[in-house]
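Written out below as structure tokens is the structure these notes cover.
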Amino acid sequence: MEWLLNQTKAVLNVIEYFQEVFSIKVSAQDPLALIARLGDFTRSTIFLWVETHLKTLEYYSRVSHVGRERSREVALGTLAADLLTGYTILNQRGRWNGLVKPQDWELQHQRGANRILDTAAALGGTLIKACQFASTRPDLLPSPYVQTLSKLQDRVPPHSWPEIAGAIKRELGQSPQEIFKWINQEPVAAASIAQVHRAQLSDGRDVAVKVQYPGIEGIIATDLAILQRIVVLVARLFPNIHLQPILDYLKETLPLELDFRREAAAMTELRAALRHRTDVLVPKDIPELSTERLLVMEFIEGVKITDRAAMVDAGISPTAVARLLNDVYAEQIFRLGILHADPHPGNLFVQPGPKLALLDHGLTVPLKPTLVQALGEMVRALLVADFDRLTKALAQAGMQLDQQVDIGTLLQLVGVLLGEEQDKSAKDTLDVGQQLGKSIGQIPVELILMGRALGLLDGITKQLDPNLDALEIVASYVPEMALNRP
């Protein structure tokens with residue numbers, strides 16, 4: 001079955017790419033460009049079939065627990081070779097006038113993004129986390145990658161029920177049917193590390209059961225080692241492509257998400273910090289049924305925060321929700337010093353009131369006071385258009401800036417860090433990363449985590465109310481700005 005699914009996807013990809021190749025107009029005086037493009041298509045198709053068989057092999061090695069590490073390494077290595085070869089050929093061919101058009105780069109970007117998306121969905125584990133993070137960083141990757149990989153924010157293939165039931169029994173020593181009054185075998189949510197099932201306890205309480213995938217810790221360790229080798233190779237061949245921040249982010253955050261006891265404690269801490277608010281809901285854990293790899297908590301219902309139509313049907317104002325969302329996160333950052341740092345739409349539900357439910361606390365983390373102070377300075381500097389002050393605030397946050405950095409690049413960097421949507425209309429879709437790469441050093445992981453969270457919030461806010469002045473809400477929580485804003 002897995003073989004048939006992979007083969008079907010491959011055929012559809014070949015057809016789509018073939019159509020895209022011939023959609024680019026080529027003049028009769030320039031047949032070499034078409035020949036070169038057909039050469040790209042042939043090379044790409046050969047790699048595609050090899051990758052398809054390797055993904056199938058990796059799936060069966062994971063099921064049988066035989067040769068898993070080696071099969072993943074070969075699959076990822078082949079994918080990396082595919083992409084690196086494609087970009088190397090385009091770079092070399094670009095030395096000849098007329099043989100490489102902007103559309104050729106777009107084709108290569110889109111094809112590469114599709115290959116990574118399919119491979120991540122097939123192999124799971126760290127790759128899904130890497131893609132989810134990369135899709136929020138337009139400063140690191142071309143636009144087609146950002147847009148395509150964002151599909152994995154909500155679409156992650158679930159694991160089978162027998163596998164999940166076995167994991168529950170290993171953690172608690174009893175089958176799910178012995179522990180719960182009932183449990184739905186279909187997950188309500190599936191992610192890269194775990195999936196969630198709805199159940200009911202014997203006392204009638206509805207609960208969410210978050211189950212970590214068996215063997216995921218070993219898979220993540222294997223993936224990180226493989227990705228480190230790939231990142232080093234890419235940096236050597238293409239110095240302008242900066243993938244190390246993605247890997248650093250994964251190394252820092254994945255251990256946090258693997259420990260469900262830490263998540264339960266973080267959830268309890270955030271709920272206590274927000275206890276003064278009646279418009280925010282954070283689920284309570286069930287300690288006696290929770291372990292390092294299993295988390296049982298109260299089930300909170302609501303409307304997904306990006307489902308605007310359902311909100312309106314429920315009599316909930318999207319504008320009020322957008323204000324509440326930004327208000328809650330501004331308070332977390334500037335007053336409470338703790339942040340629910342994974343606010344993608346699947347983790348945010350809305351109830352009438354409106355009330356905001358914060359779910360999935362694997363990345364709920366305390367914030368360093370120095371980082372909070374630096375963010376406050378950035379907001380102050382932006383509001384008064386003081387670019388010297390902005391530069392100092394970025395340095396305070398741990399950024400290493402080139403002394404010659406121009407104002408445009410500086411604002412672009414701040415836009416990335418504070419979550420503002422980037423311009424994706426530029427013809428050269430690599431220019432954002434290259435401009436920033438020339439002007440900045442390594443971005444601290446905690447600042448990357450904050451930037452990703454703010455980027456997700458910005459995207460949700462624009463869907464709910466594109467005219468909302470989120471900066472005004474944030475400014476009310478920044479000391480001095482509430483009184484002194486011009």
Side-chain angles (χ1 to χ4, degrees), residues 132 135-136 146-156 158 184 186-191 195-198 206-208 210 267 270-271 274-284 297-333 339-361 363-364 415 418-424 452-477:
Q132 289 174 336
S135 70
T136 67
V146 173
Q147 294 175 353
T148 300
L149 300 184
S150 65
K151 297 175 182 177
L152 278 175
Q153 291 291 355
D154 290 320
R155 192 196 77 186
V156 178
N184 194 335
E186 292 296 322
V188 294
Q195 63 191 50
V196 179
H197 293 255
R198 186 172 185 175
D206 285 343
V207 293
K210 185 176 181 179
M267 191 163 59
L270 181 61
R271 189 174 62 255
L274 291 168
R275 62 183 176 274
H276 61 285
R277 301 193 66 136
T278 59
D279 53 3
V280 183
L281 303 172
V282 178
K284 297 178 181 178
M297 68 204 105
E298 66 174 319
F299 189 88
I300 296 179
E301 295 188 85
V303 177
K304 186 177 177 180
I305 198 166
T306 50
D307 193 344
R308 209 171 185 281
M311 265 188 232
V312 173
D313 289 343
I316 303 172
S317 165
T319 296
V321 172
R323 288 188 172 278
L324 173 62
L325 175 70
N326 285 275
D327 186 79
V328 169
Y329 276 85
E331 183 176 14
Q332 287 181 60
I333 294 169
L339 178 67
H340 176 257
D342 193 17
H344 75 74
N347 290 340
L348 300 172
F349 282 7
V350 181
Q351 293 181 355
K355 294 181 179 180
L356 179 66
L358 307 178
L359 310 177
D360 193 344
H361 294 268
L363 286 181
T364 295
L418 297 185
E420 295 177 3
E421 188 174 354
Q422 302 300 298
D423 178 17
K424 296 181 175 61
R452 176 183 181 273
L454 295 177
L456 291 169
L457 292 174
D458 181 68
I460 294 170
T461 300
K462 282 183 168 58
Q463 290 185 56
L464 295 173
D465 184 353
N467 298 316
L468 181 71
D469 185 355
L471 194 59
E472 180 180 6
I473 297 173
V474 172
S476 68
Y477 282 93

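None of these values were measured; they are calculated from a predicted model. Computed over heavy atoms, backbone and side chain alike; hydrogens, waters and symmetry mates excluded.
For residues 314-325, the set of pairs meeting the side-chain hydrogen bond (donor to acceptor under 3.5 Å, both in side chains) definition, not counting sequence neighbours, comprises T319-D465.
The distance from atom CG of D469 to atom OG1 of T461, rounded to the nearest 0.5 Å, is 11.0 Å. Note: H197 NE2 to E186 CD = 8.0 Å, rounded to the nearest 0.5 Å. Here CG of N467 is found 10.5 Å from NZ of K462. Values are rounded to the nearest 0.5 Å. For the atom pair CE of M267 and CG of D360, the computed distance is 9.5 Å after rounding to the nearest 0.5 Å. With rounding to the nearest 0.5 angstrom, the CD atom of E472 is 11.0 Å from the CG atom of N326.
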**Request:** Decide side-chain contact (heavy atoms from CB on, under 4.5 Å) for R277 and V282; before the verdict, give the C-alpha distance in whole Å, the side-chain angles of both, and the deciding distance to 0.1 Å.
**Result:** CA-CA 11 Å; R277 301 193 66 136; V282 178; over 6 Å; no
**Prompt:** Does the side-chain contact (heavy atoms from CB on, under 4.5 Å) test come out yes or no for D327 and Y477, once each step is laid out?
**Reply:** CA-CA 9 Å; D327 186 79; Y477 282 93; 2.8 Å; yes
**Request:** Check the pair R308 / Q463 against side-chain contact (heavy atoms from CB on, under 4.5 Å), numbers first and verdict last.
**Result:** CA-CA 8 Å; R308 209 171 185 281; Q463 290 185 56; over 6 Å; no
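Closest non-hydrogen pair, V303 versus A310, comes out as CG1-CB, 3.6 Å. In terms of heavy-atom proximity, A357 sits nearest to I300 at CB-CG2, 3.8 Å. V312 and P318 make their closest contact through CG2-CG, 4.1 Å (heavy atoms, listed as atom of the first residue, atom of the second, distance). Contact record, K304 with M311: O-CE, 4.0 Å, taken as the closest heavy-atom pair. Taking each heavy atom of P343 and I460 in turn, the nearest pair found is O-CD1, 3.4 Å. Residues I316 and P352 share a closest heavy-atom pair of CD1-N, 3.6 Å.
Side-chain contact check for H361 versus P283: some heavy-atom pair is nearer than 4.5 Å. Between L356 and I305, the closest side-chain pair of non-hydrogen atoms falls below 4.5 Å. Two residues are said to be in side-chain contact when any heavy atoms from C-beta on lie closer than 4.5 Å; L359 and F349 meet this criterion. At least one side-chain heavy atom of L348 sits under 4.5 Å from a side-chain heavy atom of H340. In this structure, the side chains of L281 and E298 stay at 4.5 Å or more apart for every pair of heavy atoms.
For Q351 (side chain) and G302 (main-chain N/O), no donor-acceptor pair under 3.5 Å exists by modelled atom type. A donor-acceptor pair under 3.5 Å is formed between the side chain of N347 and the backbone N or O of D342.
Each of V280, L339, L358 was checked for a side-chain contact (heavy atoms from CB on, under 4.5 Å) with L270, and the lone residue meeting it is L358.
Checked against side-chain hydrogen bond (donor to acceptor under 3.5 Å, both in side chains), Q332 has no partners two or more places apart in sequence or in another chain. Listed by chain and residue number, D206, E301 satisfy the salt bridge (Lys or Arg N to Asp or Glu O under 4.0 Å) test with R198 (two or more places apart in sequence, or in another chain).
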